[in-house]
Amino acid sequence: MCEWYAEHQRDLPWRDPACGSWGVLVSEVMLQQTPVVRVLPRWEKWMRLWPTPAATAAASTADILRVWDRLGYPRRALRLKDCATAIVQHFDGIVPSDEARLRSLPGIGEYTAAAVVAFAFHGRSVVLDTNVRRVLCRAFDAQALPVPHLTRAERERAAALVPAEPQRAALWAAASMELGALVCQKAPKCAECPIKSRCAWQAAGMPPDKLAHRRTAQAWHGTDRQVRGQIMAVLRASQHAEREELLAVVKAPHPQFERALASLLTDNLVVEFHGADNALAYRLPT
DNA sequence: AACGCGGGGCG
DNA sequence: CGCCCAGCGTT
């Protein structure tokens with residue numbers, strides 16, 4: 001599989017050896033629940049503007065959110081800025097290289113900490129994202145898809161597969177993820193798979209997902225999340241907006257509009273203030 | 001353990 | 001139009 005990776009890996013900017021640990025961390029946060037093609041342009045701009053944790057910590061929140069643009073889940077952008085601030089305050093502006101300290105940072109959970117260890121520092125860690133989970137559950141369990149939530153058994157099996165030597169462990173992490181992303185997709189391209197002959201799912205005749213009927217996709221149309229996104233889009237495009245302007249643009253029932261706006265205030269993604277004629281108005285945080 | 005959280009592109 | 005996609009933090 002590592003030979004396959006050497007030949008087929010995508011040429012991504014955060015894989016450049018000169019990228020640096022901050023660039024890797026930024027890419028991993030942006031890639032949480034977000035496809036590579038959508039991350040690329042925002043990552044390029046972010047790294048051009050704020051190439052270090054110190055530069056990011058010094059940026060205004062409004063600028064951060066505008067560069068984040070429509071990447072989605074904008075709370076991640078706030079966490080990334082908070083993460084940069086914490087790195088400056090607690091780690092002298094240097095991205096820590098061990099999982100415990102990485103996990104202490106905002107927005108860095110189990111997966112992202114392991115990924116930064118492997119991809120930024122070429123250390124040994126158990127990188128277990130949705131791609132790797134799919135590869136392993138097919139190769140070893142003959143299941144089409146993993147169960148919805150990561151289990152202890154999966155962690156233990158994955159850990160046992162990671163090579164002992166750090167450099168090889170990091171290569172294993174990259175290769176297993178890339179195989180899941182490019183070949184062992186939900187609709188797999190088994191003809192291109194380097195481990196096809198050793199795959200339990202393949203040997204079992206590629207049985208369909210047993211839990212298919214229990215998997216329900218996240219709703220989108222008409223949800224609070226969509227309304228939040230519309231409000232954020234308006235505020236990214238202007239310095240501020242009064243309630244009436246927002247209501248006119250955002251197509252949602254009034255109670256839902258109020259709920260979405262209130263949640264954005266709670267999340268510190270939007271600030272309320274009194275504008276001209278004392279009218280209530282809203283803007284991005286400074 | 002379950003839930004809330006964006007958005008665009010594709011079949 | 002349904003469905004997917006390099007998770008995290010909170011409850």
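Proteins get letters first, then strands, A, B, ... in listed order; numbering begins at 1 in each.
Heavy-atom minimum distance, A/Ala260 versus A/Val227: CB-CG1, 3.6 Å.
Side-chain proximity of A/Arg75 to the nucleotides B/dG4, B/dG7, C/dG7 is greatest for B/dG4. Looking at the side chain of A/Tyr111, the nearest of the listed nucleotides B/dG6, B/dG8, C/dC8 is C/dC8. Of the candidate nucleotides C/dC4, C/dG7, C/dA6, C/dG7 has the atom lying nearest to any side-chain atom of A/Gln32. Set against B/dG6, C/dA6, B/dA2, the side chain of A/Arg228 has B/dG6 as its closest nucleotide. Listed candidates were C/dA6, C/dG9, C/dC4. Nearest to the side chain of A/Ala181 is C/dA6. Among C/dA6, B/dG6, B/dG7, the nucleotide with an atom closest to any side-chain atom of A/Glu178 is C/dA6. Taking only side-chain atoms of A/His149, from C-beta outward, the nucleotide of C/dA6, B/dG6, B/dA2 with the closest atom is B/dA2. Side-chain proximity of A/Asp224 to B/dC5, C/dG9, C/dA6: nearest is B/dC5.
In terms of phosphate contacts, A/Thr112 brings no side-chain nitrogen or oxygen within less than 4.0 Å of OP1 or OP2 of C/dA6. Taking side-chain N and O atoms only, A/Arg76 has no distance below 4.0 Å to OP1 or OP2 of C/dG7.
One distance of note links OH of A/Tyr73 with CZ of A/Arg225; it measures 4.0 Å at 0.5 Å rounding. In this structure, A/Arg15 CZ and A/Phe119 CZ are separated by 7.5 Å, a value rounded to the nearest 0.5 Å.
Within the 3.5 Å criterion, the main-chain N or O of A/Val29 finds a donor-acceptor partner in the side chain of A/Arg76.
The CG atom of A/Leu78 sits 13 Å away from the C1' atom of C/dC8 (whole-angstrom rounding).
Atom CZ of A/Arg168 sits in a sparse spot, with 12 or fewer heavy atoms from other residues, nucleotides or ligands closer than 6.0 Å.
The residue A/Leu71 sits close to a base: some heavy atom pair falls under 4.0 Å. Using a 4.0 Å heavy-atom criterion, one finds that A/Trp14 contacts the bases of the nucleic acid, with or without backbone contacts as well. A/Gly109 comes within 4.0 angstrom of the backbone, heavy atoms only, and of no base. Residue A/Leu12 is in base contact, counting any heavy-atom pair closer than 4.0 Å across all strands shown.
Contact annotation: side chain of A/Arg225 to base of B/dG6, donor-acceptor pair present below 3.5 Å. Side-chain N/O atoms of A/Thr223 and base N/O atoms of B/dG6 include no donor-acceptor pair closer than 3.5 Å.
The gap from the P atom of C/dA6 to that of B/dC3 amounts to 23 Å, rounded to the nearest Å.
Evaluation of the side-chain hydrogen bond (donor to acceptor under 3.5 Å, both in side chains) rule for A/Arg10 yields A/Glu178 as partners, not counting sequence neighbours.
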Salt bridge (charged side-chain N to carboxylate O under 4.0 Å, His left out) for A/Asp69 and A/Lys45? Distances and angles first, verdict last. CA-CA 11 Å; A/Asp69 191 39; A/Lys45 186 165 186 180; over 6 Å; no

Close N/O contacts between protein and nucleotides 9-11 of chain B (under 3.5 Å):
none

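Between A/Glu99 and A/Arg124, none of the side-chain N atoms (NZ, or NE/NH1/NH2) sits under 4.0 Å from a carboxylate O, so this pair counts as no salt bridge.
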